[in-house]
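Being a predicted model, the structure only gives us computed values, none of them experimental. Values reported hereafter were calculated over all heavy atoms of this structure, with side chains retained and with hydrogens, waters and symmetry mates removed.
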Amino acid sequence: MQHAIPPDAIGPQGEAMTQAVEGCVHCGFCLPTCPTYVLTGEEMNSPRGRILLMKEVLEGTLELDEVTPYLDPCLGCLACVTSCPSGVPYGDLLTPFRMQSEEHRKRPWAERVLRGVVLSTLPYPRRFRVLAQLARLVRPLRDLVPKGLRGPLELLPERLPAAGPLPERTPAQGRRRARVALLRTCAQRVLDPAIDAATVRVLARNGVEVVLPRAQGCCGALSAHTGAGEQAKAFARAVLRVLPDDVDAVLTNAAGCGSGIHEYPLWLVGEPEEEAARALAHKASDVSAFLAELGPLPPPALSEPLKVAYHDACHLAHAQGVTLPPRELLGMIGGLELLELPNSEICCGSAGTYNIEQPEVAAELGRRKAESTLATGAEAVASGNIGCLMQLGNHLERLGRPLPVYHTVQLLDRAYRGG
């Protein structure tokens with residue numbers, strides 16, 4: 001039997017969790033934006049249902065094993081936050097709850113092994129590259145692989161791109177307008193390092209000096225959102241130690257990482273690093289938001305017209321509230337026609353490790369998002385998160401209608417370079 005979380009285990013995050021619980025008036029505005037409720041129609045698979053379940057566990061009237069079948073499928077996409085008229089900070093409840101409940105739940109041995117592999121490889125680019133290369137060798141034997149691992153196998157590209165080095169410092173072109181630190185994404189370094197290279201070029205072109213913090217590790221977002229609280233905190237402390245003080249902003253180009261950094265004050269509340277975490281959260285920005293505020297140089301028109309569907313990454317749109325800046329940047333590119341996706345608030349199903357933990361739901365959401373993309377008549381897709389790009393590319397290919405997928409800055413870079 002899995003017991004409720006002991007009251008003394010809730011800790012300093014309890015105040016934020018309580019405010020989230022008390023803020024929910026169960027109005028139901030979140031229901032049509034919640035991916036799992038849309039798929040199942042079950043109240044307990046909705047944000048307001050999950051809030052009630054977590055409340056009951058915290059108060060000791062329900063036990064963990066009664067609620068985990070409903071809490072585990074939550075993608076943490078936070079679309080409910082955007083649609084909530086009461087402004088309930090659902091993530092301030094969900095992430096701490098997962099961190100605290102993980103210490104008290106008993107997983108089957110197969111889940112423990114898989115979880116251990118994920119948490120010991122994905123946050124480490126070198127290990128992840130080795131694992132991805134091994135997985136490619138296993139792909140022809142996919143029918144012999146456990147069902148839960150087939151989805152992730154399909155997501156991996158046929159060939160991993162070379163991991164080209166980037167300079168620790170890239171000077172601004174022309175008059176320097178800003179100096180920033182760019183935090184690199186673990187998975188992106190392996191799956192599509194060209195995004196970082198394009199980011200550096202676009203920033204430099206716009207008069208921004210770019211510093212890559214030496215010895216930067218994982219931001220901790222993947223760990224936190226899967227309940228590995230101590231690992232997440234350790235990663236966060238390490239990031240705080242390596243960041244330079246003399247920068248105007250700390251930038252990310254992956255929605256999940258940017259969201260995680262903005263959560264540092266919640267993870268580290270009551271700890272010595274809390275003040276530094278708050279300062280970083282204030283200074284951190286997605287590259288699209290930073291460029292839009294800075295005022296980018298107008299890029300040349302594309303050599304050929306291109307219809308691009310823009311997909312809102314959940315942890316950019318809902319967690320960070322960044323929706324207009326990417327559209328403004330793409331709208332500046334001559335010859336680029338920007339298309340909007342129907343039901344854009346619904347998650348694509350990537351959500352960090354969701355393809356591993358909930359492969360069937362992830363696959364259904366990915367299929368629906370790919371079909372929505374094709375319905376626009378797009379010739380390419382843009383987004384602000386590596387997981388979304390991989391998910392969309394994979395499901396478009398499954399439908400037999402593959403389209404090129406780009407990070408927003410890659411299209412800007414292409415225009416600047418005369419593409």
Do [X] and [Y] have a side chain donor and acceptor closer than 3.5 Å?
{"X": "D413", "Y": "Y406", "answer": "no"}
{"X": "Q320", "Y": "D286", "answer": "no"}
{"X": "H407", "Y": "Q188", "answer": "no"}

So does [X] have more than 12 non-hydrogen atoms from other groups sitting under 6.0 Å from [atom1]?
{"X": "H282", "atom1": "NE2", "answer": "no"}
{"X": "R401", "atom1": "CZ", "answer": "no"}
{"X": "E275", "atom1": "CD", "answer": "no"}
{"X": "Y310", "atom1": "OH", "answer": "yes"}

Begin with the C-alpha distance, continue with both residues' side-chain angles, and end with the deciding distance and a verdict on side-chain contact (heavy atoms from CB on, under 4.5 Å) for L280 and V250. CA-CA 8 Å; L280 173 57; V250 176; 3.8 Å; yes

If every non-hydrogen atom of [X] is compared with every non-hydrogen atom of [Y], which pair is closest and at what distance?
{"X": "A382", "Y": "V308", "value": "CB-CG1, 3.7 Å"}
{"X": "L182", "Y": "Q216", "value": "O-OE1, 4.1 Å"}
{"X": "A309", "Y": "T376", "value": "CB-OG1, 3.9 Å"}
{"X": "V269", "Y": "P12", "value": "O-CG, 3.4 Å"}
{"X": "K369", "Y": "L392", "value": "CG-CD2, 3.3 Å"}
{"X": "P73", "Y": "Y354", "value": "O-OH, 2.5 Å"}

Rounded to the nearest 0.5 Å, what's the gap from [atom1] on [X] to [atom2] on [Y]? Could you check?
{"X": "N253", "Y": "N385", "atom1": "CG", "atom2": "CG", "value": "9.5 Å"}
{"X": "I195", "Y": "T185", "atom1": "CD1", "atom2": "OG1", "value": "8.0 Å"}
{"X": "I51", "Y": "E56", "atom1": "CD1", "atom2": "CD", "value": "12.5 Å"}
{"X": "L411", "Y": "M332", "atom1": "CG", "atom2": "CE", "value": "13.5 Å"}
{"X": "Q391", "Y": "N355", "atom1": "CD", "atom2": "CG", "value": "4.5 Å"}
{"X": "Y37", "Y": "M44", "atom1": "OH", "atom2": "CE", "value": "10.5 Å"}

Can a donor-acceptor pair be found, under 3.5 Å and without considering hydrogens, that links the side chain of [X] to the backbone of [Y]?
{"X": "S46", "Y": "E43", "value": "yes"}
{"X": "R112", "Y": "R107", "value": "yes"}
{"X": "Q13", "Y": "L266", "value": "yes"}
{"X": "T95", "Y": "D92", "value": "no"}
{"X": "R205", "Y": "Y416", "value": "yes"}
{"X": "K283", "Y": "L251", "value": "no"}
{"X": "Q231", "Y": "S223", "value": "no"}
{"X": "Y90", "Y": "G76", "value": "no"}

Can [X] and [Y] be counted as an ion pair, charged N to O under 4.0 angstrom?
{"X": "R368", "Y": "E371", "result": "no"}
{"X": "E273", "Y": "K233", "result": "no"}
{"X": "K106", "Y": "E111", "result": "no"}
{"X": "R327", "Y": "D312", "result": "yes"}

Is the shortest heavy-atom distance from the side chain of T170 to the side chain of L212 under 4.5 Å?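 They are not in contact (no side-chain heavy atoms under 4.5 Å apart), so the answer is no.
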
Should V322 and S288 count as side-chain neighbours, where that means a heavy-atom distance under 4.5 Å?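 In short, these two side chains touch, coming nearer than 4.5 Å.
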
Pair D72, R98 - check salt bridge (charged side-chain N to carboxylate O under 4.0 Å, His left out), show working. CA-CA 9 Å; D72 286 352; R98 282 180 166 169; 5.4 Å; no

side-chain contact (heavy atoms from CB on, under 4.5 Å) assessment of M99 paired with L94: CA-CA 9 Å; M99 287 181 174; L94 179 68; over 6 Å; no

Are H311 and T373 close enough, and set up right, to give a side-chain contact (heavy atoms from CB on, under 4.5 Å), and what steps lead you there? CA-CA 8 Å; H311 163 66; T373 302; over 6 Å; no

Run the numbers on Q410 and D192 for side-chain contact (heavy atoms from CB on, under 4.5 Å), then give the verdict. CA-CA 11 Å; Q410 287 181 300; D192 197 349; 4.0 Å; yes

Output all residues satisfying salt bridge (charged side-chain N to carboxylate O under 4.0 Å, His left out) with E293, sequence neighbours left out; order by chain, then residue number.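 If we apply the salt bridge (charged side-chain N to carboxylate O under 4.0 Å, His left out) test to E293, skipping adjacent residues, there are no hits.
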
Cationic tip of R127 above Y124 ring, under 6.0 Å, 45° of axis: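 Yes - R127 lies over the ring of Y124, closer than 6.0 Å to its centre and within 45° of its axis.
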
Decide yes or no on salt bridge (charged side-chain N to carboxylate O under 4.0 Å, His left out) for E102 and R115, but give the supporting numbers first. CA-CA 12 Å; E102 195 59 42; R115 181 179 173 82; 3.6 Å; yes

Output all residues satisfying side-chain hydrogen bond (donor to acceptor under 3.5 Å, both in side chains) with D248, sequence neighbours left out; order by chain, then residue number.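 Here no residue qualifies.
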
side-chain hydrogen bond (donor to acceptor under 3.5 Å, both in side chains) between H318 and E345, intermediate numbers included: CA-CA 9 Å; H318 304 308; E345 73 280 1; over 6 Å; no

Check for me whether the distance between the ring centres of H262 and H315 falls short of 6.0 Å.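 No.
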
Let's go through T36 and R50 carefully: what are the C-alpha distance in whole Å and the side-chain angles of both, what is the deciding distance for side-chain hydrogen bond (donor to acceptor under 3.5 Å, both in side chains) to 0.1 Å, and is it a yes or a no? CA-CA 11 Å; T36 50; R50 290 178 174 125; 3.1 Å; yes

